[in-house]
S.K.: 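Sharing a structure below in structure tokens format, with a few things to ask.
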Amino acid sequence: MSGRDGYGFCPRCGALMQDGICRSCGYSEGNPWHRGAEGQQTGTGWTEPYGGAQGQNPQAPVIKPVKNKKGNGRTVGIICAVIGILCVAAIVLFMIFSIRKVVREVEKEMPDYHSEDGYFGYGNPYEDDWYDNYGGDSSDGEYVPDEKDDYYKEITDATSGDLDYQVIWGTLSLRPEDEDDGCTYECVYPVLTGEGEEEKYAAMNRVIEDLVCKYKGRYREYASGASSYGYVTYMDEEKISVAVRHSFYEKKTTVPRVEAVTLRVDNGEVISHEEMAEVDEELVWQFRSRNTYQNGKVEFVDGLSDEELMEYLKSGEDSVMFYTPVGLEIGFNYDGGWVTVTLKTNTV
């Protein structure tokens, strides 16, 4: 369709035409099959869309490229994951500190405790299954003293379940209120039980506990505290011997000490050292001989004269004597240690 000055309207799309060519669809009056902007074949061949080689339509909407958002999404995901991990870590730390706080509060409310029903959880050695689980025999590697042994090798328990009285274990644990103070005291002591003579056993138990837990009021004198472990080294219907190994924990060393008490079961009286063995020149000679055989070279003992050795063996503060299945153990404490020998001539 023609118009004034070469302008008109396209018969196909109704857009403005100039010089016979539609500016919108590319329709040409001389080429009615012209596909124009599509760049397709016309009646006379291939033609370019309006606008030349660029193939752009000035009236068509401009389509802007859309940026790829995949990278942004990945970044957001990483940030969320990090935040989640930090939140979980914060919750875990909060729970740990909360639990520690509760434990500390409980320890402050219970600065010490007694228990007469366990030996650090081992329980009553007279229960039917105790010997199967803990008592053992020589096959488990623990030392079991026997009267046929040449000498007593190690302080250990020698309890019996066939007597009129029995032994269970009590424990005592002390610690300062200051949670940062590592100075503590641990004590394990035997407790005698029996039917019909509660007062007698109660008196004997006081003597034993006073000896074994002797340092419960003085453990703060040592850098890291102390511990005391009591052993029933011998028991029959007539007497019972209890030995205790004390350990005093200094900053860089542990100082040991051994003490003992022997009681008559019928009346609860303490058996004195004089009743157990007479300390004389003969015993001093036996002690030296047995010490060399049992313990090898002990410089402190070798450096003592016979008179000095006798004084140590008679000392009410440092000497120690107790019965064992092997024989009478006799010795003394000195600075930095202790030493004992077994007298087979004074068998129980």
Side-chain angles (χ1 to χ4, degrees), residues 143 145 149-156 158 187 189 207-208 210-219 221-222 226-234 239-250 253-264 269-348:
Y143 173 55
D149 296 342
D150 288 340
Y151 56 87
Y152 191 63
K153 300 178 181 179
E154 179 184 348
I155 296 178
T156 187
C187 178
Y189 55 93
V207 174
I208 295 173
D210 288 345
L211 173 70
V212 180
C213 302
K214 179 178 180 179
Y215 294 94
K216 65 181 179 182
R218 298 165 51 188
Y219 75 97
E221 298 176 5
Y222 307 94
S227 63
S228 303
Y229 298 94
Y231 300 84
V232 176
T233 60
Y234 184 84
K239 55 185 171 295
I240 180 172
S241 282
V242 176
V244 54
R245 297 181 64 169
H246 301 291
S247 297
F248 310 108
Y249 306 118
E250 299 292 359
T253 185
T254 299
V255 180
R257 182 177 176 83
V258 173
E259 298 184 71
V261 64
T262 300
L263 303 171
R264 290 189 176 87
E269 292 181 352
V270 175
I271 300 178
S272 66
H273 288 183
E274 290 76 14
E275 296 178 81
M276 299 168 71
E278 181 181 358
V279 180
D280 53 16
E281 294 179 356
E282 174 66 21
L283 188 139
V284 169
W285 181 85
Q286 289 189 45
F287 187 93
R288 286 193 185 280
S289 176
R290 298 294 298 183
N291 177 63
T292 301
Y293 174 64
Q294 294 180 209
N295 306 317
K297 183 177 180 61
V298 180
E299 292 184 0
F300 185 85
V301 176
D302 294 341
L304 295 176
S305 65
D306 289 348
E307 293 75 14
E308 291 172 332
L309 178 56
M310 184 179 297
E311 289 300 319
Y312 268 102
L313 294 174
K314 288 184 175 181
S315 171
E317 179 67 21
D318 294 321
S319 65
V320 56
M321 293 186 191
F322 55 92
Y323 289 107
T324 76
V326 184
L328 177 65
E329 201 70 7
I330 179 172
F332 59 89
N333 295 276
Y334 59 94
D335 291 342
W338 55 271
V339 58
T340 62
V341 301
T342 306
L343 298 183
K344 297 289 290 185
T345 55
N346 294 76
T347 55
V348 295

S.K.: Starting at CD1 of Ile271, measure out to CD of Glu274 and round the result to the nearest 0.5 Å.
M.R.: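 One gets 12.5 Å once the value is rounded to the nearest 0.5 Å.
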S.K.: Just wondering, do Tyr189 and Tyr231 contact through their side chains at under 4.5 Å, heavy atoms?
M.R.: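 Counting from C-beta outward, Tyr231 and Tyr189 never come under 4.5 Å.
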S.K.: If you measure from the Lys or Arg side-chain nitrogens to the Asp or Glu carboxylate oxygens, is any gap between Arg257 and Glu317 under 4.0 Å?
M.R.: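 Result for this pair is yes, salt bridge flagged.
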S.K.: Could you report the tightest heavy-atom contact between Arg288 and Val301, atom names first, then the distance?
M.R.: NH1-O, 3.4 Å
S.K.: Between Gln294 and Thr342, is there a donor-acceptor pair closer than 3.5 Å when you use the side chain of the first and the backbone of the second?
M.R.: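 Judged by distance alone, yes, a pair lies under 3.5 Å.
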S.K.: I'd like to check Ser241 versus Val232 (side-chain heavy atoms, cut-off strictly below 4.5 Å). Are they in contact?
M.R.: no
S.K.: In sequence, state the C-alpha distance, the side-chain angles, and the governing distance for Tyr219 and Phe248, and then conclude on side-chain contact (heavy atoms from CB on, under 4.5 Å).
M.R.: CA-CA 8 Å; Tyr219 75 97; Phe248 310 108; over 6 Å; no
S.K.: Hey, does Thr340 have a side-chain heavy atom less than 4.5 Å from the side chain of Ile330?
M.R.: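 No, side chains not in contact.
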S.K.: With respect to His246, which candidate in Tyr222, Tyr215, Tyr229 satisfies the ring-ring contact (aromatic ring centres under 6.0 Å, His included) definition?
M.R.: Tyr215
S.K.: First locate atom CD of Gln286, then atom CG of Asp280, and finally report the distance between them rounded to the nearest 0.5 Å.
M.R.: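 Here the rounded value is 8.5 Å.
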S.K.: Any chance you could measure Tyr152, atom OH, to Leu328, atom CG, to the nearest 0.5 Å?
M.R.: 12.0 Å
S.K.: Can any side-chain N or O of Thr254 pair as donor or acceptor with the backbone N or O of Ser247 at less than 3.5 Å?
M.R.: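 Flag not set: sc Thr254 to bb Ser247 has no pair under 3.5 Å.
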S.K.: Walk me through it: do Asp149 and Lys344 pass the test salt bridge (Lys or Arg N to Asp or Glu O under 4.0 Å)?
M.R.: CA-CA 9 Å; Asp149 296 342; Lys344 297 289 290 185; over 6 Å; no
S.K.: Walk me through it: do Val261 and Phe322 pass the test side-chain contact (heavy atoms from CB on, under 4.5 Å)?
M.R.: CA-CA 7 Å; Val261 64; Phe322 55 92; over 6 Å; no
S.K.: So, for Tyr151 and Tyr293, is the gap between ring centers shorter than 6.0 Å?
M.R.: yes
S.K.: Is any side-chain heavy atom of His273 closer than 4.5 Å to one of Ser319?
M.R.: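 Contact flag for Ser319/His273 side chains = yes.
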S.K.: Which is it for Val244 and Leu211 under the side-chain contact (heavy atoms from CB on, under 4.5 Å) test, yes or no, and what are the steps along the way?
M.R.: CA-CA 8 Å; Val244 54; Leu211 173 70; 4.1 Å; yes
S.K.: Is a side-chain N or O of Ser289 found less than 3.5 angstrom from the main chain of Trp285, in a donor-acceptor match?
M.R.: no
S.K.: Testing the basics here: between Arg290 and Asp150, what is the closest heavy-atom pair and its distance to 0.1 Å?
M.R.: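 Scanning both residues, the minimum pair turns out to be NH2-O, 2.7 Å.
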S.K.: Between Trp338 and Phe332, does a side-chain contact (heavy atoms from CB on, under 4.5 Å) hold up when you go through it step by step?
M.R.: CA-CA 6 Å; Trp338 55 271; Phe332 59 89; over 6 Å; no
S.K.: Between Gly337 and Pro256, what is the shortest heavy-atom contact and its length?
M.R.: CA-CG, 4.0 Å
S.K.: Starting at NZ of Lys216, measure out to SG of Cys187 and round the result to the nearest 0.5 Å.
M.R.: 8.5 Å
S.K.: Heavy atoms, side chains only, cut-off 4.5 Å: are Val258 and Asn333 in contact?
M.R.: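 Yes, at least one pair of side-chain atoms sits under 4.5 Å.
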S.K.: Measuring only between side-chain heavy atoms, which start at C-beta, is Lys239 closer than 4.5 Å to Arg264?
M.R.: no
S.K.: Which heavy atom in Ser227 sits nearest to a heavy atom in Tyr249, and how many Å separate them?
M.R.: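 In terms of heavy atoms, the two residues are closest at OG-OH, 2.6 Å.
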S.K.: Do you know which two heavy atoms are closest between Thr233 and Ala243, and how far apart they sit?
M.R.: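 So the minimum-distance heavy-atom pair works out to CG2-CB, 3.8 Å.
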S.K.: Inspect the surroundings of CD in Glu154 and state if more than 12 heavy atoms from other residues, nucleotides or ligands are less than 6.0 Å away.
M.R.: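 Counting other residues, nucleotides and ligands, CD of Glu154 exceeds 12 neighbours.
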S.K.: Please report the interatomic distance CD1(Ile240) to CD1(Ile208), rounded to the nearest 0.5 Å.
M.R.: 5.5 Å
S.K.: Any non-hydrogen side-chain atom of Thr262 less than 4.5 Å from a side-chain atom of Met321?
M.R.: no
S.K.: Within this structure, what is the CG-CZ distance for the pair Asn291 and Phe300, rounded to the nearest 0.5 Å?
M.R.: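 Reported value, rounded in 0.5 Å steps: 12.0 Å.
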S.K.: Do Phe287 and Val339 come within less than 4.5 Å of each other through their side chains, counting heavy atoms only?
M.R.: yes
